[in-house]
Amino acid sequence: MPTKVTIVNNGAIRIEGDIILQDSEGNTYGLGGRGVISLCRCGLAENKPFCDGAHGRGGFNSLCKARDLPPPKPKL
Ligand code: FES
């Protein structure tokens with residue numbers, strides 16, 4: 001079962017599945033057994049990288065429709 005990532009309109013990035021979340025140093029966040037987490041994409045959360053609902057209070061506005069990306073550029 002693939003991990004599902006949902007870009008929530010005016011809100012977080014919701015991730016469902018078998019999640020391993022690491023910081024930039026490779027340390028793993030303890031998720032307390034959660035199979036669903038929401039990551040902040042508005043920049044307003046006090047508990048980054050997790051969403052804490054601040055996007056609603058801050059009036060974050062971002063509607064993202066699914067689309068196809070172009071193929072990646074060849075590596076030189
Ligand atoms: S997306 Fe929810 S607090 Fe930033």
Side-chain angles (χ1 to χ4, degrees):
M1 188 81 169
T3 300
K4 180 180 176 186
V5 179
T6 304
I7 310 302
V8 179
N9 284 337
N10 306 320
I13 298 169
R14 178 182 167 95
I15 305 171
E16 303 169 62
D18 197 10
I19 303 164
I20 297 173
L21 181 64
Q22 295 184 327
D23 65 17
S24 60
E25 297 173 351
N27 302 305
T28 301
Y29 287 86
L31 300 177
R34 288 171 177 79
V36 178
I37 61 172
S38 292
L39 299 180
C40 177
R41 70 180 180 105
C42 74
L44 299 174
E46 291 187 19
N47 190 29
K48 292 180 190 75
F50 304 100
C51 172
D52 63 6
H55 59 268
R57 296 186 293 279
F60 180 59
N61 185 0
S62 174
L63 303 177
C64 294
K65 287 285 189 186
R67 61 189 181 278
D68 295 329
L69 295 177
K73 294 179 180 170
K75 294 183 180 172
L76 301 177

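Indexing begins at 1, ligand by ligand and atom by atom, following the structure's order.
For Ile20, the CD1 atom counts as loosely surrounded, since its 6.0 Å shell holds 12 or fewer non-hydrogen atoms of other residues, nucleotides or ligands. The environment of CG in Asp18 is sparse: at most 12 heavy-atom neighbours from other residues, nucleotides or ligands sit within 6.0 Å. The environment of CD in Glu46 is sparse: at most 12 heavy-atom neighbours from other residues, nucleotides or ligands sit within 6.0 Å.
With a cut-off of 2.8 Å, atom 4 (Fe) of ligand 1 has no N, O or S atom of Cys51 in range.
Of all non-hydrogen atoms in Phe50 and Ala45, the two that sit nearest each other are O-CB, 3.2 Å.
Here the side chain of Lys4 pairs no donor or acceptor atom with the backbone of Gly17 at under 3.5 angstrom.
Of all the atoms in ligand 1, the ones that sit under 4.0 Å from a non-hydrogen atom of Arg41 are 1 (S), 4 (Fe). Within ligand 1, the atoms closer than 4.0 Å to a non-hydrogen atom of Gly11 are 1 (S), numbered from 1 in the order shown. Of all the atoms in ligand 1, the ones that sit under 4.0 Å from a non-hydrogen atom of Asp52 are 3 (S).
Atom ND1 is the N, O or S atom of His55 at the shortest distance from atom 2 (Fe) of ligand 1.
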